[in-house]
Amino acid sequence: MVYILEPDKKYAVPAERCFWRRVTVLTMSFVEYSDFIQDGDVAVVYLGHESMMPVKVQQGAQTQTRYGAIRHSTDLIGQRYGSKVTCSKGGWVYVLHPTPELWTVTLPHRTQILYTTDIATITMMLELKPGSVVCESGTGSGSLSHAILRTIAPTGHLHTVEFHQQRAEKVAEEFKEHRVDHLVTVRNQDVCKDGFGVTGVADAVFLDIPSPWEAVIHAKAAMKKQGGRVCSFSPCIEQVQRTCEALVDQGFEELSTVEILLRVHDVRTVYLPLPDFGPDSLAQTQPDVAEKTPPIQASVAMKTTILPREMPGHTGYLTFATKPRT
Amino acid sequence: MEDNVDDDSLYRIKEGDYVVLKRGDIFKAVQIQPKKKVIFEKQWFFLDKAVGQLYSSTFEIVSGGILQPLKPKHTESSTDAKEAGTDNRNIVDDGKSQKLTRDDIETLKEQGLKGQEIIQQLIENSSTFRDKTEYAQDKYIKKKKKKYENTVTILKPSCRILAMMYHGREPGKICHLRYDTLAQMLTLANIHAGSKVLVFETCAGLVLGSVMERMGGYGSVIQMYPGGGPIRAGVESFGFPEHFHDMLHEFPICHVNALLAGTLDTTAKDPSADSKKSDMAAEEEQNQPEAGRQGSPEEQSMETNSGADGSHDHEKDEKEKLREARAQGKKVKQEEKRKKLAAAAALLEGRNADGLVIASRFHPCPVLMGLLKFLSPSRPFVVYSQYKEALIECYTKLKEQGGTVNLRLTDTWLRHYQVLPNRTHPVLLMSGGGGYLLSGTTVAADRSQRAEEPAAKRLKLTDTDG
């Protein structure tokens with residue numbers, strides 16, 4: 001590939017940038033928007049509040065929803081993303097363009113997954129951007145992988161390592177369906193034993209494995225000699241403890257462990273009843289007035305938000321560190 | 001493997017670079033300029049010696065404000081003789097444990113002793129240090145290090161660093177937008193290379209710069225700005241390569257109504273004298289509070305208005321002069337400005353933007369309602385506000401109006417941890433709140449009805465447009 005070196009060569013861009021721009025808007029992918037639904041796309045059907053499902057669009061196929069069937073050939077293909085589609089029973093749904101965030105809430109779970117709140121924090125703290133080379137393990141269900149791919153496209157690359165063979169195969173298949181396979185290499189191996197399969201290339205490494213401290217040395221090896229950022233996600237504090245020790249031993253700096261939780265505020269109109277203290281003294285002295293005033297309004301309506309009775313109170317600790325130049 | 005061959009020259013600090021100074025958790029954005037005095041953490045120095053050094057290097061500030069590259073990794077444990085107490089039962093806080101006086105320490109400093117050496121002196125002259133527990137000794141050294149080590153690390157700027165810097169130093173300038181909230185915004189709005197994104201912000205350019213970083217120079221960003229001109233000092237601090245600015249467009253919100261109505265004239269040589277005048281007035285209005293806020297000496301980092309703190313007598317004269325100069329330059333710039341406006345208008349006219357990000361001190365409701373019209377269906381938007389009530393209003397309006405799904409009003413709770421062997425616990429202080437976000441996805445507008453109820457039968461009739 002030919003690179004044009006810009007004044008700041010860190011942002012070297014491929015020469016065919018303009019070409020890339022022109023061709024890719026035609027079809028849906030997880031890293032590029034398109035306007036119309038086409039055969040072979042993956043669309044997200046919005047059924048109602050917090051209820052969505054992914055659909056592989058296929059000429060002649062049908063998808064059953066609680067509002068009836070969606071006929072792909074007539075209801076989806078050729079329609080604009082975001083349109084309202086009437087199902088066979090008369091109910092309607094919206095068909096949305098896929099994004100990594102919609103995928104995270106609709107993907108088939110094969111493992112525990114990372115959710116958008118943690119993903120957003122990881123993305124910023126790992127300093128991901130177009131062109132970044134990232135190593136990740138394990139791949140799991142691919143929730144984070146899709147978000148990484150979105151951010152590092154069109155010039156970056158993701159090396160993702162998953163030790164479970166079926167999961168590795170399944171996720172590779174999904175990357176293909178989502179048209180991001182050119183940006184990712186899936187390896188079926190044990191990161192703690194075999195590492196990431198690359199050395200000296202990564203700007204960032206992400207670990208979500210049971211014993212991350214065993215992979216720290218491989219993370220270091222995978223990273224550029226100039227340095228980079230690493231993140232480890234662990235649900236248990238004992239894992240964090242051991243990982244931090246390993247990171248310090250390997251010369252990582254700027255260790256920082258955080259926990260981030262999402263609070264969803266439900267907007268409601270609430271009605272607060274007003275107490276009745278009986279007629280006040282002024283009104284009492286003027287019986288006429290008291291009779292004329294309409295009875296006090298029994299309650300007041302108020303727009304406010306309420307917090308859920310229960311919410312996820314822990315996902316995992318995120319430990320970040322910087323690899324210095326070596 | 002290409003990157004292994006990469007010459008280190010890419011990672012060297014150059015004159016003119018925008019960099020971030022770091023000591024501990026304190027950051028400051030500056031530009032590398034020859035013989036420019038920089039004040040950081042109550043110390044002044046020159047950055048000249050940093051030129052040619054590698055990014056992420058740490059320097060010691062020596063006499064005369066000269067930077068001296070520090071050899072990597074002076075080992076932590078200088079106190080080899082590990083003698084420690086078991087608890088603090090014998091330690092009395094009588095203020096007499098340290099035998100060195102303030103003057104003694106100053107003398108040591110003048111003798112040119114380095115931070116590390118001063119700390120060693122402090123330890124040797126502390127009568128209680130040996131009785132402290134091992135943990136307390138660590139803490140003591142750490143505390144003294146912070147006070148006496150005059151080192152500074154020079155970093156390449158990034159969204160992470162700048163967001164943390166602004167939040168730590170000047171939260172008022174970025175509407176108290178916490179870095180993790182900004183992280184949520186960039187993700188929820190699906191910011192990525194190749195898309196067309198609208199940004200409305202009054203966060204000194206931090207949000208705009210972060211969006212640009214995530215787009216890596218591919219696609220277009222249209223800054224919708226209030227008042228006379230876009231404010232984006234923060235964008236400079238990112239130190240983007242030149243071609244990043246090619247994707248940046250700007251459009252004044254005072255022309256949004258005209259654009260939507262199709263009455264915006266970008267072809268005429270002089271769009272209209274009236275609007276120009278109001279532009280100028282708005283610009284001044286805009287600048288006044290801005291100048292006021294930039295008063296504190298801490299805020300010179302933004303490199304915006306070096307002479308703004310001048311005395312009141314000169315202010316009027318200078319304003320007068322400025323205005324004249326502006327009138328002169330205006331004619332030349334007018335054509336340029338018109339071209340820019342036309343280009344931005346062309347990008348907006350299709351009403352097919354891919355994302356909308358709002359973070360401002362303005363009431364978000366009219367901003368959101370006005371700018372949402374420029375989005376394609378099935379595209380994400382996210383609005384930040386420091387105040388939840390403003391977003392409740394947005395939420396209610398959107399529910400009434402339709403055309404959006406997946407509306408969520410959220411905030412994030414962020415907690416840092418101290419992780420040390422046998423001493424792991426949450427950090428004692430935490431941020432009380434990082435602001436609120438309203439996010440959602442646009443869908444095709446429903447022309448026929450506003451009903452909230454999904455009354456299936458009735459909808460079937462009105463729903464032929466697809």
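Numbered from 1 within each chain, the chains take letters A, B, ... in sequence-line order. Predicted model, so just to flag it, every value in this text is computed and none were measured. Just the heavy atoms: all of them, side chains too, but no hydrogens, waters or symmetry mates, feed the values below.
No side-chain heavy atom of A:Val258 sits under 4.5 Å from any side-chain heavy atom of B:Asp180. Looking only at side-chain heavy atoms (C-beta outward), B:Glu389 and A:Lys303 stay at 4.5 Å or farther from each other. In this structure, A:Val267 and B:Lys399 have side chains that are not in contact, with every pair of non-hydrogen atoms separated by 4.5 Å or more. Contact annotation: the side chain of A:Gln226 never approaches that of B:Leu10 to less than 4.5 Å [non-hydrogen atoms, C-beta and beyond].
Taking CE of A:Met124 as the start and OG1 of B:Thr187 as the end, the distance is 8.5 Å to the nearest 0.5 Å. Remark: B:Ser158 OG to A:Leu126 CG distance equals 11.0 Å, nearest 0.5 Å. Annotation: the span from B:Tyr11 atom OH to A:Lys225 atom NZ amounts to 8.0 Å, rounded to 0.5 Å.
For the pairing with B:Thr412, the side chain to side chain contact (heavy atoms under 4.5 Å, CB included) check across A:Ile260, A:Thr121, A:Leu261 returns one residue only, A:Ile260. B:Val419 pairs with exactly one of A:Thr257, A:Thr243, A:Val248, A:Leu255 by the side chain to side chain contact (heavy atoms under 4.5 Å, CB included) rule, that one being A:Thr257.
Closest approach of A:Thr99 to B:Asn190, counting heavy atoms only: CG2-ND2, 3.5 Å. When all heavy atoms of B:Ala193 and A:Ala153 are compared, the pair lying nearest together is CB-O, 3.5 Å. Residues B:Arg408 and A:Leu262 come closest through the heavy atom pair NH2-CD2, 3.7 Å.
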Under the side-chain contact (heavy atoms from CB on, under 4.5 Å) rule, what do B:Arg214 and A:Thr123 come out as? Steps first, then yes or no, please. CA-CA 10 Å; B:Arg214 285 288 178 91; A:Thr123 308; 3.5 Å; yes
Residue pair A:Lys129, B:Met212: steps toward the side-chain contact (heavy atoms from CB on, under 4.5 Å) verdict: CA-CA 10 Å; A:Lys129 58 191 176 197; B:Met212 287 170 69; over 6 Å; no
Starting from the C-alpha separation in whole Å, work towards a yes-or-no answer on salt bridge (Lys or Arg N to Asp or Glu O under 4.0 Å) for A:Glu254 and B:Lys22. CA-CA 11 Å; A:Glu254 288 188 290; B:Lys22 174 180 188 283; 3.4 Å; yes
Checking A:Tyr317 against B:Arg415 for the side-chain contact (heavy atoms from CB on, under 4.5 Å) test, could you report, in this order, the C-alpha distance in whole Å, the side-chain angles of both residues, the deciding distance, and whether it holds? CA-CA 10 Å; A:Tyr317 300 103; B:Arg415 187 168 206 172; over 6 Å; no
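With a 4.5 angstrom heavy-atom cutoff, A:Pro324 does not touch chain B via any of its atoms. Heavy-atom distances place no part of A:Arg242 under 4.5 Å from chain B, backbone and side chain included. Neither the backbone nor the side chain of B:Met185 comes within less than 4.5 Å of any heavy atom in chain A. Contact of A:Ser256 with chain B is made through the side chain alone, with heavy-atom distances under 4.5 Å. Interface remark: B:Ile191 contributes backbone atoms only to the contact with chain A (heavy atom separation under 4.5 Å). Contact annotation for A:Tyr46: only side-chain heavy atoms (C-beta onward) come within less than 4.5 Å of a heavy atom of chain B. Of the two parts of A:Glu259, the backbone and the side chain both hold a non-hydrogen atom closer than 4.5 Å to a non-hydrogen atom of chain B. Contacts of A:Ser132 with chain B are absent, with no heavy-atom separation under 4.5 Å from either backbone or side chain.
Chain A forms the most heavy-atom pairs under 4.5 Å with one residue out of B:Val427, B:Thr396, B:Thr441, and that residue is B:Thr396. Ranking A:Met52, A:Arg229, A:His97, A:Glu245 against chain B, the residue ahead of the rest is A:Arg229, based on heavy-atom pairs under 4.5 Å. Counting heavy-atom pairs under 4.5 Å between each of A:Val240, A:Thr305, A:Asp266 and chain B puts A:Thr305 at the top.
A:His265 and B:Tyr436 have perpendicular rings, their planes meeting at more than 60° on a 0 to 90° scale where under 30° would count as parallel.
Other residues, nucleotides and ligands contribute more than 12 heavy atoms inside 6.0 Å of the CG atom of A:Asp249.
Here the side chain of A:Gln241 pairs a donor or acceptor atom with the backbone of B:Leu420 at under 3.5 angstrom.
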